[in-house]
Amino acid sequence: MKKIISAFLCGALVLSGGSSVFAAAVDSAKEDMDTQIITVTGSNLAKNDKVLIEIFNFDGENIDYENGLEGVFAVQTDNNGKYSASFKLPKIADTGMKKIFAKPIVGEKGEAEVDFYSSSSIETILQNWNDAIENQSKASMENVVNDKTALKIILNSPLVDKLCEELLPVSKDALTQKLLTLSKADKIGDFAPDFIAPYINFAINNLSADTLSKLVLEFYDSIDTQKGAVYENIIAKMSDEEKMTLFKDAAAHKTANISTEDFASLIYNRAVYNKFTAITYFTEIKPFIETYNTDYFKIDFSDYNLITNTYNVDSKAITNRHEYTDFATFKTKYEGWINDEKTAEQIANSTSSGKGSGGGGKTGATVPFLPTPADEDISIVKEEIFHDLDGFDWAKEHIMALYNNGSLDGVSKDSFAPSDTVTREQFVKLISALTSLDEKAANAEFSDVKAGEWYEKYINSAKSIGLISGKDDNTFGVGENITRQDAAVMIFNAVKKERADLTDKLEIGKLEFKDAGDISSYAIYAVSALNKLGIINGDNLGFVNPNATATRAEAAVMISKALTLIGEGA
């Protein structure tokens with residue numbers, strides 16, 4: 001609960017008298033609302049020093065030195081250099097801000113401000129309160145609620161002016177009805193604590209999001225009285241700026257006439273949701289859901305526990321954030337992705353079991369859609385077949401390895417064009433070297449994938465087994481050059497499918513690339529994993545260039561390294 005009495009602290013160390021160090025002469029200044037006694041304290045002064053205290057009227061900017069002197073008092077410090085002076089201003093002193101100066105003989109003078117409330121102001125507030133209670137008058141109680149002086153005393157908040165401005169035109173019938181159930185009082189402290197709770201609830205329902213977020217930050221302890229796990233795990237670790245953003249978000253989602261308790265629950269709800277949507281690694285998705293599943297996600301994990309490739313499910317929570325905005329929608333989406341993966345694996349297992357035991361060979365090493373030239377023996381092809389690989393020594397071995405196993409071709413009989421770019425659909429064809437694709441897969445339903453085009457079957461199959469997901473606008477990006485980070489995502493998905501033993505328990509550390517911050521959230525884990533597995537490295541300057549277009553040489557190296565890694569476990 002907020003304190004009713006205001007206190008202003010100030011103090012700065014200064015040098016005085018050579019090597020002696022003294023503080024500014026005021027530590028605190030406060031008024032007791034019940035007695036109107038002002039108490040000023042100071043410390044770290046010279047012992048047994050005289051301190052002159054002067055009080056002036058102050059409008060927040062200017063001090064009325066000519067006509068505004070309200071009182072002069074003297075006090076002596078003790079043997080420890082401390083003092084405390086208590087006094088009352090004359091009855092004619094007006095309510096308002098006062099500037100207090102404390103002038104010791106030794107050391108620097110100090111100053112403070114205090115909001116002073118005269119006895120007549122206090123008596124008027126009490127009389128209005130008691131009259132409203134006694135007569136059960138909504139009009140009289142509304143006068144108290146609209147009284148800026150009363151609110152400054154009760155709330156002790158710098159927001160009072162803004163509260164009065166925004167809430168003055170709002171109907172206060174419901175608020176006054178609640179306040180009229182309270183008791184008469186002999187002093188403001190008798191009713192102030194009970195006044196705050198209904199007033200805050202009234203403010204929650206009627207303030208702008210900006211002012212409301214500031215009010216919640218100041219009175220959070222009064223609003224959230226439970227301080228549960230969400231507070232300890234998430235909210236308590238936020239900066240004030242992050243809390244303000246959270247409270248604004250909660251304000252945008254609140255319903256009409258919400259109770260203080262329900263608003264506190266809404267804050268928790270948005271804290272969990274926002275924390276969840278900030279996750280960038282798919283391995284963190286399920287543990288986070290499980291932590292808050294009972295109260296928020298309510299996910300049924302029965303089918304999830306039956307599937308093998310959980311990456312295909314959890315990665316969608318990151319890449320498809322645009323498809324959900326609340327827990328209920330996410331539950332529907334997530335359980336749908338689980339069911340899709342379960343069905344896909346059942347089909348794959350059924351197909352695999354029906355193929356018989358003959359043939360042998362490495363999983364993913366075949367390229368079912370890629371034709372092998374009938375007029376030449378690729379097993380004896382030598383590097384010299386491509387005459388444009390000078391300066392690409394780092395890629396030659398990988399290019400020829402893929403050429404020899406039929407995974408890629410040159411742009412002509414003797415040219416590879418290592419610096420040329422690779423389109424997204426061309427890269428999907430390349431990753432067919434890493435995992436078996438199904439030529440009869442269902443239509444991926446990307447709006448830019450034309451039926452009958454050479455790339456259609458590759459894209460349909462890659463989508464069906466979770467290697468690709470497309471873009472937010474329901475396109476695949478046919479004709480667009482693939483970026484290094486998107487290439488990483490596709491390769492990682494293929495490696496994950498073929499060698500889950502390598503990826504599921506992979507310990508991912510912080511990326512040290514100078515441009516790691518440029519990697520998109522959906523690609524961070526894939527780039528990190530491939531870097532850990534030795535498939536992706538940065539350039540000589542320490543950059544990974546995630547948004548740069550992948551060249552044919554770079555694509556060949558990544559595919560070749562991934563193919564080797566997959567083959568090692570066959």
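- Qualifying side chain to side chain contact (heavy atoms under 4.5 Å, CB included) partners for V144, counting only residues two or more places apart in sequence or in other chains: N128, W129, M141.
- Ring planes of F101 and F56: perpendicular class, angle over 60° (limits at 30 and 60°).
- Under a 4.0 Å N-O distance rule, the pair E218/K214 does not qualify as a salt bridge.
- Between F276 and Y324, the ring planes are tilted. Angles from 30° to 60° get that label.
- By the 6.0 Å contact criterion, NZ on K227 is enclosed, its count of non-hydrogen atoms from other residues, nucleotides or ligands being greater than 12.
- Contact check for F288 versus K275: side-chain heavy atoms found under the 4.5 Å cut-off.
- Heavy-atom neighbours of K333 NZ from other residues, nucleotides or ligands within 6.0 Å: at or below the threshold of 12.
- Y199 and F219 have their aromatic ring centers separated by at least 6.0 angstrom.
- Atom OG1 of T95 sits about 7.5 Å away from atom NZ of K98, to the nearest 0.5 Å.
- The line from CD1 of I38 to CG of L89 is 4.0 Å long, rounded to the nearest 0.5 Å.
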(message) Using the rule given for side chain to side chain donor-acceptor pair (under 3.5 Å), can you reason through Y268 versus D224, listing the C-alpha separation, both sets of side-chain angles and the distance that settles it, and then say yes or no?
(response) CA-CA 10 Å; Y268 275 28; D224 177 13; 2.8 Å; yes
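- A salt bridge links E335 with K331: the closest approach of a Lys/Arg side-chain nitrogen to an acidic carboxylate oxygen falls below 4.0 angstrom.
- More than 12 non-hydrogen atoms from other residues, nucleotides or ligands lie less than 6.0 angstrom from NZ of K243.
- F73 is listed as a side-chain neighbour of I55, based on a closest heavy-atom distance under 4.5 Å.
- Counting heavy-atom neighbours within 6.0 Å of D186 CG, excluding the residue itself, gives a total of 12 or less.
- The OG atom of S137 sits 8.5 Å away from atom CG of D131, with the distance rounded to the nearest 0.5 Å.
- Around CD of E323, the count of heavy atoms belonging to other residues, nucleotides or ligands within 6.0 Å exceeds 12.
- To the nearest 0.5 Å, atoms CD (Q485) and CG (L530) are separated by 12.0 Å.
- Under the 30°/60° scheme for interplanar angles, the aromatic rings of Y304 and F301 are found to stand perpendicular.
- Screening D300, N320, D314 for a side chain to side chain donor-acceptor pair (under 3.5 Å) involving Y334 leaves a single residue, D314.
- Atom CG of L266 sits about 5.0 Å away from atom CD1 of I258, to the nearest 0.5 Å.
- For N257, the CG atom counts as loosely surrounded, since its 6.0 Å shell holds 12 or fewer non-hydrogen atoms of other residues, nucleotides or ligands.
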(request) Take D210 and S208 through the test side chain to side chain donor-acceptor pair (under 3.5 Å) and record every step on the way to the result. (result) CA-CA 5 Å; D210 184 62; S208 65; 5.6 Å; no
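- Annotation: side chain of F297 is not in contact with side chain of T291 (no heavy-atom distance under 4.5 Å).
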(request) Go through the steps for D27 and Y83 under the test side chain to side chain donor-acceptor pair (under 3.5 Å), then give the verdict. (result) CA-CA 10 Å; D27 287 340; Y83 75 87; over 6 Å; no
